[in-house]
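FYI, the numbering just counts along the sequence from 1.
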Amino acid sequence: MFIEKIYAKNYKSIKEWELVFSERKTVLVWKNNAGKSNFLSILDIFFSGKYPTYQSFDESDFYDLQNPIQLKVYFSDGKRLGLKITYNQEELKSKVEWDDCFGFQSKTKEDLAKSCSCIYIPSDRNINQHLKNNTYSWYWKLLNLILQYKKEKPEYKAVISDLQKIQENFSKLLPTEDISRISQTLTYINTVSFGLSEWAKPEDLLKKVEIFVNDGSGDRTLGKFWTWTQSTVILWLLELYLKVAQYAEHSECKIFIIDEPENFLHPHAKRLLDNVLYNISLQENTQIIYSTHSSELIANFEMGKFSLVDLRLIYKQGNETKVKTLPDQENILHELNAYNAEVFFADWMILVEGNTEKIMLPQIFFNYDWISKREMFAPSMVSILDLDEPDIDQEEKNKKVLRLFDINLKNISLINVEWSWSLKKWYQFCSSIVWKENVYVILDKDIHLPEGQQVNLRTIYESISMQYGVIWDESKTIENLSNYNRYLLEWEFEFAYKQEVLYSILKERIIIPDGIPDSMSFKMNEEEVLRSQLKMLYDNAVSSKFSSGLEKLIGKYFPESTKPGISKLLAKQLIDQNGFQDRLLKVLIHIVVKMNNL
């Protein structure tokens, strides 16, 4: 059995919506403050350990204070739990009662625990909050599970009979673990153990248990360590729970809910964490549900293990939280990775055909002297930016222009789709995440190359027809593509480098070998060779070998740099020297104008 879905009405930012879960693993994504945690907290309300009708709600929990909150949990076997919460504004208190339940003869605390065991770890990683030794915390549940399994062990009986030896025997009961497999990749600790903070009555043992960590300098309580070490230990506790749960009494379903599990973990740790979470989900009747902003935690798609249908995009429309479910597009799964999975967190997307564009375009957007290109601005753009207002100083105008072209402020992702052949499926995929009007495509004009070297324009026309519901015919000009967020460059992207500026940059990198008798003549000859090679490449830009030929030539002058490094260095110098063709700049200006509805 598993939790099939939850329903919420008038709860926090959720006016009315239901969230459907996958049987094993469900991941909630998109921007901060969209309402992901609001959905996760619903399961905690029902199954945290504190009886649901004893919980309190305040004014901030209501979307509309004049109406009641309705929360429901649907199980895969047809059972249903529901709560109705009202708020008395005069008495400033809430009333919680069962409502619209089905399949439960009674709803005692024990019945709820038998139906579902829930571990919920919020995003703040406050160990004082999450590792409380009380019946409501997941930490207490973990310790209690261990004790259930160990009650008949001699060590436990020794604890009960001899309090003088309680530290020694209880440490056998709650194990000391070598967690180097996990922790030494994350932080410098060797073992984790449990001990008692003071003498206690046998029945209160769990209330006196503390976690001790040894980092090579002796055992210290977990609270003495930094947050990232605490997060590592919390992950270890999850894995320990996984070990002992298979020997303890089972609930009909178990749910692990983690809000932003990547908090305070470095990239390698996030990948390791994903494996731990997946292993937990493999247990019978066990679900993993988490929210994340980490590309590493959602980029490891694999059919039959984790797919697009397991993602839930949580977003806001106005002040209202809503949910979007993606279709299972198998043709895109193998192309998703930690570098392009940022599409799941973006409001806008620009698809490009190569890594050079992905590296250079953000620098151009942010660093170019756009004020010097104001003659390209539309009148509405000039007006919005107050460029003609004499009472506004130039520095303030520059700041406005800079903010307008800062793609980070617009939450824009540039995605390298690698090949023109991939554009159609990437466009369809990105349009399923955001709205089609928020997806832009920058195309190389090499699609017009003859003799089968080009990508057929028909595939581009077909995608426009499908997405926009228009019929495209040959009478429409290529320029019409921009009406549908497709932009054609003048041949390949690299052709946008001004030839003379590129020449001046590269000639400064000519190296004169030691021992050359006439260094001046040597340098002049090398400069002439460079000029001739550049001219030949640019004169034959229609050739499919232009980009590769230029890349090879430029690489000669950056012998110690990688291709991405060359693109980054070259972009800065081209920007500083106004080294990009106006045709490219006009495309970028047009995209900014459309994004800002200018």
Side-chain angles (χ1 to χ4, degrees), residues 1-31 34-48 52 63 69-83 99-104 112 115-120 251-261 277-278 280-292 297-298 301-317 320-330 332-333 344-345 429 432-434:
M1 187 176 75
F2 64 96
I3 301 294
E4 195 171 72
K5 64 181 179 180
I6 55 177
Y7 167 86
K9 183 176 182 180
N10 200 41
Y11 178 60
K12 295 184 180 290
S13 62
I14 307 167
K15 185 176 182 180
E16 184 175 15
W17 208 269
E18 68 178 25
L19 177 61
V20 178
F21 297 114
S22 297
E23 184 173 352
R24 291 292 183 189
K25 176 178 174 180
T26 306
V27 182
L28 313 186
V29 297
W30 225 345
K31 294 194 299 183
K36 297 185 292 294
S37 299
N38 295 343
F39 276 114
L40 296 180
S41 66
I42 294 172
L43 290 170
D44 188 49
I45 290 170
F46 280 94
F47 306 113
S48 65
Y63 185 87
I69 294 173
Q70 290 179 278
L71 304 176
K72 297 178 184 179
V73 177
Y74 293 81
F75 294 85
S76 60
D77 64 353
K79 291 192 296 186
R80 180 176 67 248
L81 287 171
L83 289 173
D99 179 62
D100 192 28
C101 299
F102 177 79
F104 288 85
L112 296 180
S115 296
C116 184
S117 174
C118 178
I119 296 292
Y120 176 51
S251 299
E252 293 181 51
C253 71
K254 298 190 290 292
I255 307 175
F256 286 81
I257 306 170
I258 310 179
D259 203 354
E260 300 178 18
L277 295 177
Y278 177 70
I280 290 176
S281 74
L282 292 179
Q283 276 203 353
E284 185 179 2
N285 298 327
T286 301
Q287 285 175 278
I288 286 286
I289 303 169
Y290 62 84
S291 70
T292 183
L297 284 182
I298 59 175
F301 293 102
E302 183 179 329
M303 291 305 299
K305 178 179 178 181
F306 177 45
S307 191
L308 290 172
V309 294
D310 300 315
L311 285 181
R312 303 292 180 269
L313 276 61
I314 312 297
Y315 67 99
K316 268 189 176 178
Q317 198 168 61
E320 184 181 347
T321 294
K322 296 188 175 183
V323 182
K324 182 184 289 189
T325 301
L326 297 177
D328 200 2
Q329 303 173 57
E330 294 184 30
I332 203 75
L333 278 185
F344 296 110
F345 310 103
F429 170 62
S432 68
I433 298 175
V434 297

Could you list the residues that satisfy side chain to side chain donor-acceptor pair (under 3.5 Å) with [X], not counting sequence neighbours?
{"X": "D44", "value": "none"}
{"X": "Y74", "value": "none"}
{"X": "K15", "value": "none"}

Partners meeting salt bridge (charged side-chain N to carboxylate O under 4.0 Å, His left out) with [X] (sequence neighbours left out):
{"X": "K5", "result": "E18"}
{"X": "K36", "result": "none"}
{"X": "E23", "result": "none"}
{"X": "K12", "result": "D61"}

Under the side-chain contact (heavy atoms from CB on, under 4.5 Å) rule, collect the residues that match up with [X], sequence neighbours excluded.
{"X": "S13", "value": "N38, K316, T321"}
{"X": "F102", "value": "R80"}
{"X": "S37", "value": "D259"}
{"X": "K322", "value": "W17, Y315, Q317, E320"}

Next item on the list: Sequence neighbours left out, what passes ring pair (Phe, Tyr, Trp, His ring centres under 6.0 Å) with F429? Give chain and number order.
Entry: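 For F429, the residues satisfying ring pair (Phe, Tyr, Trp, His ring centres under 6.0 Å) (neighbours in sequence not counted) are F344, W426.
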Check: Given S432, which of L326, L313, L308, T325 fulfils the side-chain contact (heavy atoms from CB on, under 4.5 Å) condition?
Finding: L326
